[in-house]
Amino acid sequence: MFDNLGLQVVLLLAIAGVAIAPARYIYDYIINSPRYHDITASPVDLEWRTRRRLVANGAFLFGLIAAAIFMFLPQVRSFALSPEFLPFVLAAMGAALLMYTGYGLLEGRMQPLIRGVPKSYDRESEPKRFWLSFAWNALAGVVSISTAFAAIGDHDQRGCYNRFDDHTPTEQVEVCTRLLAEGDIPDVERGNILASRGQAHYLLNDYEAALADYDRAIELGTEDAYVYYNRAITQEYHDEKGSALADYDRFLEQKPDNFLGHFRRGVLRLNSAQFGGAIADFTRAHEIDPDDEWTLANRGMSYAWMNESGLAEKDFAAAAKIDPENPVLLRGRALLHMQAKEFPQAVAVLDKVLENEPNDYWSLRVRSDAYWELGEKKKSWADGDLALELDEQKTRSDAQLLPSN
């Protein structure tokens, strides 16, 4: 966190600031030694000068010096660059302030920890200034510790929502679970945390836990609209197409201009033979992002299934200008060849797909049919057998999760 500020300089300045008070006391103790006092001069009040205070201030100053040396170790630098550093420093400063204040209360003398005020005030002779100093120091300590706890809470929030992708899914689950253990969280916020933990469970391939978190988040009234999109993806993995479509509908009601929402619903509609709805979704996605070849290729595939070869070829040609090797584009053209009974051309196109994706279930099945029509039974059987070995429904979806609000 201090990469650009000069870590050691920042820490040394902080330590120097805290060390002023004990160093000043030791200095005053030495120069006010009775052995240096002029016996002809007026008596000086030295009640503040005690060996007990000298030892306490000396120990405190020694600890600060040790910390200044210790901080140059590589392990300390690594810790100082971690998110836990700021809360630790604030908590340590707050504890030191409260200890110093408590010590002054017991001794009956208090020095306000304000720059430019090196004087200590006696409780008996200057009660107002003593208690004002006490209040100031105590407040500074309490504020410092409170800020440390707030920083810890903020760190957990950031870790749970993981907006900067600086936590692994396992760490994200742990932080979210720790937040959920707190008893005073409003239902809406608890729902937001569950929605975020669900994403982490999904990334860990724990789909049952992801669905449970998404369901509970929605029950609690989460403000995270993306929970519907993410639950839809998880439901697709379980082949719950109807539930997934309903969740995409809910998501797009709240986010009508979301590209991925329209694209994923379009793909699901295409795979469910709802070609008209798929075309509508891909058209809207294309309007949102005209440079995405996947929408054009999938819309072309939808047109191909509807035997609209002219519209399909138009979309395929536009997609080919962006990426001529797009696998959906190639599958779509293979489908058009199959419909036109151009089986050798279909095999040639599917060969290109299977060079890059040898376990593509759809391409294997269609090429098997094409080989059969060409009378190449052995090749047809080989492709058919390999397709049967693949469990398409259990192949993990490569759909992109959307981050929480």
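From a predicted model like this one, the values you see are computed outputs, not experimental measurements.
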(request) Determine whether the side chains of Arg299 and Tyr303 contain a donor N or O and an acceptor N or O closer than 3.5 Å. (result) no
(request) First locate atom CD of Glu174, then atom SG of Cys160, and finally report the distance between them rounded to the nearest 0.5 Å. (result) 12.0 Å
(message) Once rounded to the nearest 0.5 Å, what's the spacing between atom CG of Leu336 and atom CD of Glu313?
(response) 5.5 Å
(request) For residues Leu194 and Thr222, determine if any side-chain heavy atom of one lies less than 4.5 Å from a side-chain heavy atom of the other. (result) no
(request) Please examine the side chains of Arg331 and Asp360, heavy atoms only from C-beta on, and report whether any two atoms are closer than 4.5 Å. (result) yes
(request) Let me know which of Leu330, Leu354, Val349 forms a side chain to side chain contact (heavy atoms under 4.5 Å, CB included) with Ser363. (result) Leu354
(message) So Asp257 and Arg284, do their side chains get closer than 4.5 Å, heavy atoms only?
(response) yes
(request) Write down the atom of Arg365, the atom of Ala387, and the distance for their closest heavy-atom approach. (result) CD-CB, 3.4 Å
(message) Can you confirm whether Leu179 sits close enough to Glu189 that some side-chain heavy atom of one is under 4.5 Å from a side-chain heavy atom of the other?
(response) no
(request) Could you tell me whether Glu219 and Arg216 make a salt bridge, using a distance below 4.0 angstrom between a side-chain N and a carboxylate O? (result) yes
(request) For Arg269 and Gly277, indicate whether the former's side chain and the latter's backbone hold a donor-acceptor pair under 3.5 Å. (result) yes
(request) Might you work through the side-chain contact (heavy atoms from CB on, under 4.5 Å) test for Glu376 and Val347, ending with a clear yes or no? (result) CA-CA 11 Å; Glu376 299 187 44; Val347 169; over 6 Å; no
(request) With rounding to the nearest 0.5 Å, note down the distance linking CE in Met301 to CZ in Phe282. (result) 10.0 Å
(message) side-chain contact (heavy atoms from CB on, under 4.5 Å), that's the test. Do Trp362 and Leu350 meet it? Break it down for me.
(response) CA-CA 10 Å; Trp362 188 91; Leu350 292 171; 4.1 Å; yes
(message) Could you measure the distance from the OG1 atom of Thr295 to the CG atom of Asp315? Nearest 0.5 Å is fine.
(response) 8.5 Å
(message) Just verifying a value: how many Å separate Asn326 CG and Glu293 CD, rounded to the nearest 0.5 Å?
(response) 5.5 Å
(message) Are Glu325 and Val353 packed together at the side-chain level, in the sense that at least one heavy-atom pair is separated by less than 4.5 angstrom?
(response) no
(message) Can you classify the ring geometry of Tyr226 versus Phe251 as parallel (below 30°), tilted (30 to 60°) or perpendicular (above 60°)?
(response) tilted
(message) Looking at Arg24 and Asp28, is there a salt bridge between them, counting it only when a charged N and a carboxylate O are closer than 4.0 Å?
(response) yes
(request) Give a yes or no on whether the backbone of Ala304 and the side-chain of Gln339 come within a donor-acceptor separation of less than 3.5 Å. (result) yes
(message) Treating Asn192 as the side-chain partner and Glu223 as the backbone partner, does any N or O pair qualify as donor plus acceptor under 3.5 Å?
(response) yes
(message) Taking Leu268's backbone N and O only, do any of them form a donor-acceptor pair with Ser272's side chain (distance below 3.5 Å, no angle check)?
(response) yes
(message) Can you classify the ring geometry of Trp372 versus Trp381 as parallel (below 30°), tilted (30 to 60°) or perpendicular (above 60°)?
(response) tilted
(request) Could you check if a side-chain atom of Thr170 sits within less than 4.5 angstrom of a side-chain atom of Leu204, using non-hydrogen atoms only? (result) yes
(message) Which heavy atom of Leu364 sits nearest to which heavy atom of Pro358, and what is that distance?
(response) CD1-O, 3.8 Å
(request) Please check if any side-chain donor atom of Ser196 sits under 3.5 Å from a side-chain acceptor atom of Gln172, or the reverse. (result) yes
(message) For a quick test of reading the model, state the closest non-hydrogen atom pair linking Ala319 to Leu329 and the distance between them.
(response) C-CD2, 4.5 Å
(request) State which residue, out of Asp224, Leu260, Leu252, fulfils the side chain to side chain contact (heavy atoms under 4.5 Å, CB included) condition with Tyr229. (result) Leu260
(message) For the CD1 atom of Ile279 and the CG atom of Leu311, what is their distance to the nearest 0.5 Å?
(response) 8.0 Å
(request) Count the heavy atoms belonging to other residues, nucleotides or ligands that lie under 6.0 Å from NZ of Lys377, then report whether that count exceeds 12. (result) yes
(request) Please name the pair of heavy atoms, one in Ile193 and one in Cys176, separated by the smallest distance, quoted to 0.1 Å. (result) CG2-O, 3.7 Å
(message) Using the rule given for side-chain contact (heavy atoms from CB on, under 4.5 Å), can you reason through Leu245 versus Arg265, listing the C-alpha separation, both sets of side-chain angles and the distance that settles it, and then say yes or no?
(response) CA-CA 7 Å; Leu245 277 173; Arg265 189 174 68 177; 3.8 Å; yes
(message) Show, in sequence, the C-alpha distance, side-chain angles and deciding distance for Val267 and Trp294, and conclude whether the side-chain contact (heavy atoms from CB on, under 4.5 Å) test is met.
(response) CA-CA 10 Å; Val267 171; Trp294 292 92; over 6 Å; no
(request) For Asp187 and Arg190, run salt bridge (charged side-chain N to carboxylate O under 4.0 Å, His left out): C-alpha distance rounded to whole Å, both residues' side-chain angles, the deciding distance at 0.1 Å, then the answer. (result) CA-CA 5 Å; Asp187 283 352; Arg190 188 175 293 275; 5.1 Å; no
(message) Ignoring hydrogens and geometry beyond distance, is a side-chain donor-acceptor pair present between Tyr207 and Gln235 at under 3.5 Å?
(response) no
(message) Show the nearest heavy-atom pair for residues Met338 and Ala346, with the distance to one decimal.
(response) SD-CB, 3.7 Å
(request) Run the salt-bridge test on Asp281 and Arg264 with the 4.0 Å N-O cut-off and return the result as yes or no. (result) no
(message) Do Val366 and Tyr371 have side chains that approach each other closer than 4.5 Å (heavy atoms only, starting at C-beta)?
(response) no
(message) For a 4.5 angstrom cut-off between non-hydrogen side-chain atoms, does Leu61 reach Ile26?
(response) yes
(request) Quick one: closest heavy-atom pair of Ala312 and Gly300, and the distance? (result) CB-O, 3.3 Å
(message) Checking Glu342 against His337: is there a side-chain donor and acceptor pair closer than 3.5 Å?
(response) yes
